[in-house]
Amino acid sequence: MDPERKEVLERQGYRIVGEHSGVKLCHWTKASLTKGVGCYKQTFYGIESHRCLQMTPTVDACNLGCLFCWRTQEWGSDSLVEADDPAFIVEESIEAQRELLSGYKGNPNVSKERFLEAWHPNQVAISLTGEPTLYRRLGEMIDEFKRRHMTTFLVTNGTTPSVLRRMHAEGRLPTQLYVTVAAPNAEIYEKLMAPKSDNEFKKLRETLALLPTLPTRTVIRHTLVEGWNLGWEDDYAALDRLARPMFIECKGYSFVGESRLRLQADNMPSHASIRRFAGELAGHLGYGVAAEREDSRVVLLTEDGKLHPISG
């Protein structure tokens, strides 16, 4: 990695792994350690936030330039040529997490038991930054995490359906697959997601049609930005019917990071707005509200209106 880029990322709290991967402690990992308060994924899916490793194999590579993204974008690439060894990435990511955690060992608010649990993560969120499916050995990396008895959450922007097909064929799908759907139609997609090449919305629809065939837990995440993509429940419902996901997350945009250079504070919707949107969408789809977290401005929909935590 370019030394200047690495320096910028490390100042922001990242630890760089190899040529193109990165790790960063999540706010909720810290909150779980010091206060016993987990993130909404703990509430919705049963993972333990203090045992979650947040990482990416594409720390500065993404094929979209979403206006609501809090990450640095000006020097990012839309492709990834390098492909570090997956076992190396996994091992070094865990070590990087431990380096970031080391300062909590003597914290009086962190119990010895909880610190030791955090030292041995059992969940990975492959979602920190960039588009993970641009890493061509992603399926192998997921296998490496599974060998360490870790559940795997993969978040993708849905523009690489061929990668998901290959991972399915190889039996290397994650425990839970998220696809971000942050635009109800192609026109808004072009303006809000700022794709770096053509046909990305078409590829997203292709991915959504693929989801019902994948033997894993599937999630559609609607990231909602006031004044941009909040509303259009009919259009979102049509996309969700293609995907038939196990879960739908309706989540409000947060005015943080470098998104503040592109959007305004009033683009951040209230939880009441998210709840109204979720209720309308649920009515269109026949889903029910399973849970919500007001502190994260997120509402979870499922077909039966119930939670389905990960077993084991």
With heavy-atom distances below 4.5 Å as the criterion, would you say the side chains of [X] and [Y] are in contact?
X: Thr152; Y: Gln176; value: no
X: Asn122; Y: Glu48; value: yes
X: Lys105; Y: Val110; value: no
X: Tyr253; Y: Ser259; value: yes
X: Leu204; Y: Val179; value: yes
X: Phe201; Y: Thr159; value: no
X: Leu101; Y: Leu33; value: yes
X: Leu211; Y: Leu177; value: yes

Donor-acceptor under 3.5 Å ([X] side chain, [Y] main chain):
X: Thr216; Y: Pro174; answer: yes
X: Arg51; Y: His120; answer: yes
X: Gln54; Y: Lys24; answer: yes
X: Ser49; Y: Thr29; answer: no
X: Thr213; Y: Leu210; answer: yes
X: Thr56; Y: Leu128; answer: no
X: Thr302; Y: Gly305; answer: yes
X: Arg244; Y: Pro212; answer: no
X: Thr156; Y: Gly158; answer: yes

Would you say the side-chain atoms of [X] and [Y] include a donor-acceptor pair closer than 3.5 Å?
X: Glu131; Y: Thr58; result: no
X: Ser197; Y: Asn63; result: no
X: Glu82; Y: Tyr135; result: no
X: Glu113; Y: Ser111; result: no
X: Arg297; Y: Ser273; result: no

Roughly how far, to the nearest 0.5 Å, is [atom2] of [Y] from [atom1] of [X]?
X: Asp235; Y: Ile188; atom1: CG; atom2: CD1; value: 8.0 Å
X: Asn267; Y: Ser254; atom1: CG; atom2: OG; value: 12.0 Å
X: Arg71; Y: Asp60; atom1: CZ; atom2: CG; value: 13.0 Å
X: Ile220; Y: Leu239; atom1: CD1; atom2: CG; value: 8.5 Å
X: Gln264; Y: Glu226; atom1: CD; atom2: CD; value: 13.5 Å
X: His308; Y: Leu300; atom1: NE2; atom2: CG; value: 9.0 Å

*Does Glu170 have any salt bridge (Lys or Arg N to Asp or Glu O under 4.0 Å) partners at least two apart in sequence or in another chain, and if so, which?*
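Once residues adjacent in sequence are excluded, the partners of Glu170 under the salt bridge (Lys or Arg N to Asp or Glu O under 4.0 Å) criterion are Arg172.
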Got a sec, which residues hit salt bridge (Lys or Arg N to Asp or Glu O under 4.0 Å) with Arg205, two or more places apart in sequence or on another chain?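 For Arg205, no residue satisfies salt bridge (Lys or Arg N to Asp or Glu O under 4.0 Å) once neighbours in sequence are set aside.
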task = Could I get the full list of side-chain hydrogen bond (donor to acceptor under 3.5 Å, both in side chains) partners for His50, not counting sequence neighbours?
result =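 Expected list: Ser32, Arg114, Glu117.
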Compare every heavy atom of [Y] with every heavy atom of [X], then report the nearest pair and how far apart it is.
X: Pro215; Y: His168; answer: CD-NE2, 3.3 Å
X: Asn157; Y: Cys62; answer: ND2-SG, 4.2 Å
X: Tyr236; Y: Asn229; answer: OH-O, 2.8 Å
X: Thr218; Y: Pro245; answer: OG1-CA, 3.4 Å
X: Ile126; Y: Leu138; answer: CG2-CD1, 4.5 Å
X: Val299; Y: Ala278; answer: CG1-CB, 3.6 Å

Worksheet item: Do the numbers put Arg293 on top of the ring of Trp28, so that NZ or CZ is under 6.0 Å from the six-membered ring centre and no more than 45° off the axis?
Response: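 The answer is yes, since Arg293 meets both limits relative to Trp28.
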* Name the orientation class of the two ring planes belonging to His222 and Phe277 (parallel below 30°, tilted from 30 to 60°, perpendicular beyond 60°). =>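 If you compare the ring of His222 with that of Phe277, the planes turn out perpendicular.
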Query raised in the report: According to the interplanar angle, ranging from 0 to 90°, do the rings of Tyr178 and Tyr45 count as parallel (below 30°), tilted (30 to 60°) or perpendicular (above 60°)?
Result: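 Tyr178 and Tyr45: perpendicular rings.
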Review point. Salt-bridged, Glu187 to Lys191, with N to O below 4.0 Å?
Key: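 Salt bridge flag = yes for Lys191 with Glu187.
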If you measure from the Lys or Arg side-chain nitrogens to the Asp or Glu carboxylate oxygens, is any gap between Arg275 and Glu292 under 4.0 Å?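 Looking at Arg275 and Glu292, the cut-off is met.
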Quick check on the hydrophobic clustering: are [X] and [Y] connected, directly or via other members, by side-chain heavy-atom contacts under 4.5 Å?
X: Phe247; Y: Leu214; result: no
X: Phe153; Y: Val90; result: no
X: Val225; Y: Trp70; result: no

Practice item. Would you please test Lys202 and Glu206 for salt bridge (charged side-chain N to carboxylate O under 4.0 Å, His left out) and show each step? Key: CA-CA 6 Å; Lys202 181 180 178 181; Glu206 188 179 335; over 6 Å; no
May I have the step-by-step check of side-chain contact (heavy atoms from CB on, under 4.5 Å) for Cys52 and Val124, ending in yes or no? CA-CA 5 Å; Cys52 183; Val124 58; over 6 Å; no
Task: Verdict with reasoning, Thr129 to Tyr14, per side-chain contact (heavy atoms from CB on, under 4.5 Å) - done: CA-CA 11 Å; Thr129 186; Tyr14 291 79; 4.2 Å; yes
Mind running side-chain contact (heavy atoms from CB on, under 4.5 Å) on Arg221 and Val155 for me, showing each step along the way?
CA-CA 9 Å; Arg221 175 186 287 166; Val155 180; 4.2 Å; yes
Open item on the list: Tell me whether Glu95 at atom CD has more than 12 heavy atoms from other residues, nucleotides or ligands lying less than 6.0 Å away.
Closed with: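 Enclosed.
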Problem - Worked verdict on Glu91 versus Arg148 for salt bridge (charged side-chain N to carboxylate O under 4.0 Å, His left out) - result: CA-CA 10 Å; Glu91 193 62 37; Arg148 289 162 174 80; 2.9 Å; yes
Out of His20, Glu140, Arg137, which residue meets the side chain to side chain contact (heavy atoms under 4.5 Å, CB included) rule with Ile89?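 Exactly one pass, corresponding to His20.
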**Q.** Met167/Ile142 under side-chain contact (heavy atoms from CB on, under 4.5 Å): CA gap, chis, key distance, verdict
**A.** CA-CA 10 Å; Met167 291 170 66; Ile142 286 172; 3.5 Å; yes
*asked:* Using salt bridge (charged side-chain N to carboxylate O under 4.0 Å, His left out), reason through Arg15 and Glu10 one step at a time and then give a plain yes or no.
replied: CA-CA 6 Å; Arg15 289 295 180 271; Glu10 288 183 339; 5.9 Å; no
